[in-house]
Student: 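Structure in structure tokens, see below.
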There are 2 protein chains.
Amino acid sequence: MNERSEPAVGLKAKTLRHPLIRKLSNFTVLSLEECDAIESATTKIAEFAAGDDVIQRGDRTGGVNLLLEGFACRYKILEDGRRQILAYLVPGDLCDLHVFLLRRMDHSIGALSRSKVATIPQSAILGFTNSYPNLTRALWWTTLLDEAITREWVVNIGQRTAYERMAHLFCELFHRLHAIGETAGKSYPLPVTQATLGDTLGLSNVHINRTLQDLRRDGLISFNNGTVTIKNLAKLEAAAFFSPDYLHLLDVTEPFA
Amino acid sequence: MNERSEPAVGLKAKTLRHPLIRKLSNFTVLSLEECDAIESATTKIAEFAAGDDVIQRGDRTGGVNLLLEGFACRYKILEDGRRQILAYLVPGDLCDLHVFLLRRMDHSIGALSRSKVATIPQSAILGFTNSYPNLTRALWWTTLLDEAITREWVVNIGQRTAYERMAHLFCELFHRLHAIGETAGKSYPLPVTQATLGDTLGLSNVHINRTLQDLRRDGLISFNNGTVTIKNLAKLEAAAFFSPDYLHLLDVTEPFA
DNA sequence: CGCCGTGTTGACTATTCTCAACCCAGGTGG
DNA sequence: CCACCTGGGTTGAGAATAGTCAACACGGCG
């Protein structure tokens with residue numbers, strides 16, 4: 001029908017429609033009862049424009065936000081204005097499951113593009129954890145996955161050069177988006193400016209610009225109009241010292257035939 | 001009796017003896033039954049020498065390791081030998097609760113000093129999650145706490161200068177160790193070399209050495225023989241742009257009277 | 001038309017790294 | 001008991017990486 005990649009794991013048509021169920025299905029088989037519980041808890045849906053904050057540091061929300069469509073990011077800002085992006089969120093990711101257990105947000109979440117967000121009531125989550133051990137473990141698993149990615153970001157920023165670092169980011173996003181069927185061939189959307197990439201990788205916008213040119217010159221990627229195109233995945237991964245194990249994806253299918 | 005700081009939260013004498021119960025008590029009140037379950041699951045105890053690996057990348061353990069005494073760290077090594085430390089573990093911290101839900105370790109854990117580690121059987125953890133929702137939430141909470149700290153490390157390495165970065169690390173460890181009563185006045189143990197600090201902060205050992213001298217010269221800290229002494233906490237925290245909210249400590253008592 | 005956000009470039013600066021040497025304390029073996 | 005070795009800490013000099021500042025190009029949009 002189009003060039004979009006198939007979702008990684010085969011699932012029943014019904015569950016596929018719900019991005020959280022699809023995500024959790026990478027970890028466990030949810031019962032029909034559990035699926036129904038999730039679906040009936042995600043009815044309240046809000047829209048955000050690019051740049052809007054979904055939730056801010058210090059907030060104690062009444063519910064947990066689930067990204068249904070669009071891109072968002074976690075970020076923190078230091079007193080003097082320096083900003084660090086901590087994670088990219090893609091459809092199916094939970095924004096602030098933290099708040100359910102930690103008392104308040106220690107960082108903010110902003111929409112990077114026009115986004116749809118469902119809010120699951122606090123009480124629903126509490127109910128899940130009281131009644132559905134399997135679902136609880138699945139939700140817990142998603143937070144462990146987030147943590148694994150954050151750990152790799154520490155390695156990325158701490159040890160890799162600008163060139164390797166940027167290559168690594170593009171690899172990670174490719175694999176994550178491929179797993180949820182949001183890639184189109186060798187391309188995927190990344191609705192950010194070069195300055196935002198700088199806040200992601202701990203580099204200045206000027207240096208981002210030059211490093212991007214280097215990657216393009218070496219035939220590894222291109223990045224235009226919010227779209228990343230991978231020209232040579234093998235070389236990109238080698239340049240990044242990329243190893244996908246930390247993403248804990250069940251499917252390790254070769255992305256390119 | 002001695003200079004050691006009091007544990008942050010008042011608890012019954014019995015539970016205080018078990019570091020995991022003490023830690024979880026920062027989040028919730030555990031029932032006697034839950035405490036008993038934890039205690040009877042942590043009988044198998046092993047010792048490690050400084051430098052030993054407690055668990056390695058790729059392992060799928062039969063159990064979850066709990067640090068009872070000593071210091072340890074999470075770390076990852078790139079193919080070409082570069083090493084990044086991802087976290088410091090102190091008594092009461094769980095090493096690899098990940099492995100219970102993620103299939104295998106994506107990083108290694110090494111002992112930084114002579115350490116005692118208890119191994120909780122996989123089956124015991126599974127039993128907890130099936131029978132004790134409150135305990136499950138508490139364990140989940142510990143992993144969210146780890147993640148919050150890891151996120152702050154991303155900010156630290158990505159945005160702060162060498163000087164600020166090192167100051168921030170010393171602040172974090174002071175607060176964490178104070179909360180578990182492992183500080184002695186303004187001092188606490190940190191059994192690492194300068195090269196290890198380099199792997200922690202993403203800096204070369206030479207630069208660590210010089211930055212340490214700067215901090216000492218400015219009267220903020222001293223670091224000798226594996227002991228950190230905070231000379232001026234207010235100035236240190238200001239220099240680091242340190243804000244303790246991300247540690248999600250219940251007690252925010254002033255560390256110095 | 002003119003403004004603004006974004007991307008690009010050049011010149012210069014600053015931070016941090018690398019390499020190499022040296023010191024010192026502790027441990028080991030002759 | 002001493003000579004030696006090793007691991008950690010310290011210093012200097014020079015190089016590389018990345019940041020800052022400033023200017024300009026370009027397109028979208030009021």
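Each chain gets a letter, A, B and so on, in the order its sequence line appears, and its residues count up from 1. If you're wondering where the values come from, they're calculated on a predicted model, not measured in any experiment. Note: hydrogens, waters and symmetry copies are ignored here, and every other heavy atom, side chains too, is used.
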Student: Report which part of the nucleic acid B/Gly202 touches: base, sugar-phosphate, or nothing (heavy-atom distance under 4.0 Å, all strands).
Tutor: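 Answer is sugar-phosphate: B/Gly202 comes under 4.0 Å of backbone atoms only.
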
Student: When the distance from CG of B/Leu201 to P of C/dT15 is rounded to whole Å, what number comes out?
Tutor: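 It works out to 17 Å between those atoms.
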
Student: Of all the nucleotides listed (C/dT8, C/dT18, D/dG19), which has the minimum atom distance to the side chain of A/Arg216?
Tutor: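 Of C/dT8, C/dT18, D/dG19, C/dT8 is nearest to the side chain of A/Arg216.
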
Student: Counting just side-chain N and O atoms, does A/Asn209 come under 4.0 Å of either OP1 or OP2 of C/dG7?
Tutor: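 No, outside the criterion.
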
Student: Is A/Gln213 near enough to C/dG7 that one of its side-chain N or O atoms lies under 4.0 angstrom from OP1 or OP2?
Tutor: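 For C/dG7, neither OP1 nor OP2 has a side-chain N or O of A/Gln213 closer than 4.0 Å.
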
Student: Please tell me if the side chains of A/Arg74 and A/Asp146 come closer than 4.5 Å, counting only heavy atoms from C-beta onward.
Tutor: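 Side-chain contact under 4.5 Å: yes.
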
Student: Would you kindly give the CD1-to-P distance between A/Ile208 and C/dT8, to the nearest whole Å?
Tutor: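 Nearest whole value for this atom pair: 12 Å.
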
Student: What's the NE2-C1' distance between A/His207 and C/dT8, to the nearest Å?
Tutor: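 Going from A/His207 (NE2) to C/dT8 (C1'), I get 15 Å.
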
Student: State whether B/Gln194 places a side-chain N or O below 4.0 Å from either non-bridging phosphate oxygen (OP1 or OP2) of D/dT10.
Tutor: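 So the side-chain polar atoms of B/Gln194 do come within 4.0 Å of the phosphate oxygens OP1 or OP2 of D/dT10, strictly under.
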
Student: Closest-nucleotide mapping onto DNA chain D: is A/Asn205 or B/Val206 further toward the 5' terminus? I mean the 5' end.
Tutor: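 Taking each residue's closest nucleotide, the earlier one in sequence belongs to B/Val206.
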
Student: How long is the line joining CG of A/Asp214 and P of D/dT17, in whole Å?
Tutor: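 Whole-Å distance recorded here is 11 Å.
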
Student: Salt bridge or not between A/Lys235 and A/Asp218? Use side-chain N to carboxylate O under 4.0 Å.
Tutor: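 No, this pair does not count.
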
Student: Calculate the interatomic distance between B/Leu203 atom CG and D/dA16 atom P; express it in whole Å.
Tutor: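 From B/Leu203 CG to D/dA16 P: 20 Å.
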
Student: Within this structure, what is the CZ-to-C1' distance between B/Arg160 and C/dA14, rounded to whole angstrom?
Tutor: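 So the two atoms are 20 Å apart, to the nearest Å.
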
Student: Out of D/dA18, D/dC21, D/dG12, which has the shortest distance to the side chain of B/Arg210?
Tutor: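 The closest nucleotide is D/dG12.
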
Student: Nearest whole angstrom, please: distance from the P of C/dT16 to the CD1 of A/Ile157.
Tutor: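 Those two atoms, CD1 and P, are 15 Å apart.
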
Student: Please determine, by modelled atom types, if A/Glu152 and A/Asn156 share a side-chain donor-acceptor pair under 3.5 angstrom.
Tutor: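 Looking only at side-chain atoms, A/Asn156 and A/Glu152 do not form any donor-acceptor pair under 3.5 Å.
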
Student: Between atom CD in B/Gln159 and atom C1' in C/dT15, what is the gap in whole Å?
Tutor: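 B/Gln159 atom CD is separated from C/dT15 atom C1' by 15 Å.
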
Student: Would you mind telling me which of C/dC17, D/dA18, C/dT16 lies closest to the side-chain atoms of A/Arg165?
Tutor: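 Of C/dC17, D/dA18, C/dT16, D/dA18 is nearest to the side chain of A/Arg165.
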
Student: Would you please classify the geometry between the B/Phe174 ring and the B/His178 ring as parallel, tilted or perpendicular, with 30° and 60° separating the classes?
Tutor: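 Parallel.
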
Student: Side chain of B/Thr193: nearest nucleotide among C/dG10, D/dG8, D/dA18?
Tutor: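 Out of C/dG10, D/dG8, D/dA18, the nucleotide with an atom closest to B/Thr193's side chain is D/dG8.
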
Student: Are A/Glu237 and A/His175 close enough that a side-chain donor and a side-chain acceptor fall under 3.5 Å?
Tutor: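 Yes, a side-chain donor-acceptor pair sits under 3.5 Å.
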
